[in-house]
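Have a look at the structure below before the remarks.
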Amino acid sequence: MKVLITGANGMLGTSVKKVFNNHDLIVTGSIELDVRNIKQVTSYASRKIDLILHLAAETDHFKAEFNPTDAYLTNHTGTQNMVELAKILDIPIVYIGTAGIFNGKKKIYSENDTADPINHYGRSKYYGEVAVKTYPKHYIIRSGWAMGGGPLVDKKFVNKIYKQIKLDAKKIYGISDVYGNPTYTMDFAKTLKNIVEKKPSFGTYNCPGKGEASRFEVLKEFVSILGLSKKIELIPVTYNEYFKLFPLQCPHTRSEVLSDKKLTKTGLSEMRDWHLALSEYAKEFKI
Ligand SMILES: NC(=O)c1ccc[n+]([C@@H]2O[C@H](COP(=O)([O-])OP(=O)(O)OC[C@H]3O[C@@H](n4cnc5c(N)ncnc54)[C@H](OP(=O)(O)O)[C@@H]3O)[C@@H](O)[C@H]2O)c1
């Protein structure tokens with residue numbers, strides 16, 4: 001297939017480029033294809049494309065909270081623009097969703113649960129889902145807490161820990177009462193490939209890594225894998241304590257745990273236990 005990828009330089013895009021090596025890829029970052037720019041987006045309608053993997057998004061929760069206009073432009077309008085391109089070409093589009101569209105009051109979320117985002121990132125990603133759902137030929141594949149891309153690309157929790165280690169931190173804090181599914185982007189990309197090749201019914205599929213964890217548990221596991229448990233003091237703190245220590249944060253949901261029952265039934269999942277996935281991913285981080 002000829003596959004157009006947006007946001008290909010990011011954490012997930014780095015894995016997708018490796019995994020989709022049997023397909024003909026049109027790889028774009030925000031320079032080659034700014035999803036906010038409808039003229040630039042629709043200029044791709046003259047190309048022969050069989051599938052759109054729309055990975056591009058403003059993923060920085062902090063930036064989204066303090067500059068929401070930008071986040072809505074990228075995550076909502078940008079997604080609407082990509083849907084428009086899919087409609088013109090009459091091809092399927094894949095959108096990457098997040099558990100951040102829920103309010104976190106339930107322990108675990110299925111595909112049918114009602115969205116109720118509590119921050120601008122979550123709301124802008126939810127509006128992205130709404131835009132995608134106006135077009136029947138869509139897959140919304142929801143990821144858990146992403147781990148991937150390596151130290152130069154990873155913007156999320158694992159690399160934030162690694163950066164503190166590289167700065168010779170003697171103690172590192174981790175929130176112990178916020179839960180999610182650590183999700184390795186390589187496993188996610190393999191599952192994504194199975195989905196677009198084997199074509200289960202269009203619609204929404206949760207695709208979390210197997211097993212849930214608190215941020216603190218991920219911190220503890222990563223530091224242990226790196227063999228640094230005796231050198232660094234790890235301090236569990238509650239969500240409320242963390243906000244007192246580091247006030248300039250964006251509100252976060254308490255549970256971002258996703259149910260993977262629907263995906264498992266398709267037999268297409270390549271998702272592994274997060275401990276195993278993290279131990280593989282950790283090989284990219286040198287001490
Ligand atoms: N990271 C997570 O924990 C997580 C969890 C759930 C869902 N997701 C979703 O997964 C998808 C992939 O995210 P990721 O983890 O790979 O994030 P990422 O590393 O931040 O990558 C996102 C990419 O989007 C691109 N981008 C930003 N604004 C753009 C624009 N206006 N036009 C075109 N490209 C633009 C950036 O490209 P340039 O570098 O070229 O500027 C960036 O490389 C996103 O839809 C995200 O919402 C992520």
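In this chain, numbering begins with 1 at the start of the sequence shown.
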**Sole residue of Leu53, Leu85, Asp50 in side-chain contact (heavy atoms from CB on, under 4.5 Å) with Leu4** = Leu85
**Prompt:** Hey, are the side chains of His252 and Arg215 touching, using non-hydrogen atoms and a 4.5 Å cut-off?
**Reply:** yes
**Message:** Which residue is it: Tyr95, Tyr121, Tyr127? I am looking for the one with a ring-ring contact (aromatic ring centres under 6.0 Å, His included) to His76.
**Reply:** Tyr127
**Request:** Anything under 30° is parallel, anything over 60° is perpendicular, the rest tilted; go ahead and classify Tyr162 against Phe285.
**Result:** perpendicular
**Message:** So Ile91 and Leu51, do their side chains get closer than 4.5 Å, heavy atoms only?
**Reply:** no
**Request:** Please test His138 against Tyr135 for ring pair (Phe, Tyr, Trp, His ring centres under 6.0 Å), starting from the C-alpha separation and ending with a verdict.
**Result:** CA-CA 6 Å; His138 74 262; Tyr135 178 58; 7.8 Å; no
**Request:** Would you kindly say whether Asp154 and Tyr281 are connected by a side-chain donor-acceptor distance under 3.5 Å?
**Result:** yes
**Prompt:** Between Ile5 and Leu55, is any pair of side-chain heavy atoms under 4.5 Å apart?
**Reply:** yes
**Message:** Can you confirm whether more than 12 heavy atoms, excluding those of Lys63, are under 6.0 Å from its NZ atom?
**Reply:** no
**Request:** Please check if atom NZ in Lys220 has more than 12 non-hydrogen atoms from other residues, nucleotides or ligands closer than 6.0 Å.
**Result:** no
**Asked** Is any side-chain N of the basic residue among Arg142 and Glu111 closer than 4.0 Å to the acidic one's carboxylate O?
**Response** no
**Prompt:** Cut-off 3.5 Å, side chains only: do Glu217 and Ser214 have a donor facing an acceptor?
**Reply:** yes
**Note: Lys210-Asp260 ion pair, threshold 4.0 Å (strictly below)** = yes
**Asked** For atom NZ of Lys261, is the number of surrounding heavy atoms from other residues, nucleotides or ligands below 6.0 Å larger than 12?
**Response** no
**Heavy-atom side-chain contact between Val3 and Val16 under 4.5 Å** = no
**Prompt:** Does the pair Glu280/Arg272 count as a salt bridge with the N-to-O cut at 4.0 Å?
**Reply:** yes
**Message:** Strictly below 4.0 Å, N to O, side chains only: are Lys170 and Asp168 in salt-bridge contact?
**Reply:** yes
**Prompt:** Can you tell me if NZ on Lys265 sees more than 12 non-hydrogen neighbours from other groups inside 6.0 Å?
**Reply:** no
**Message:** With a 6.0 Å cut-off (strictly less than), is the heavy-atom count around OH of Tyr126, excluding the residue itself, greater than 12?
**Reply:** no
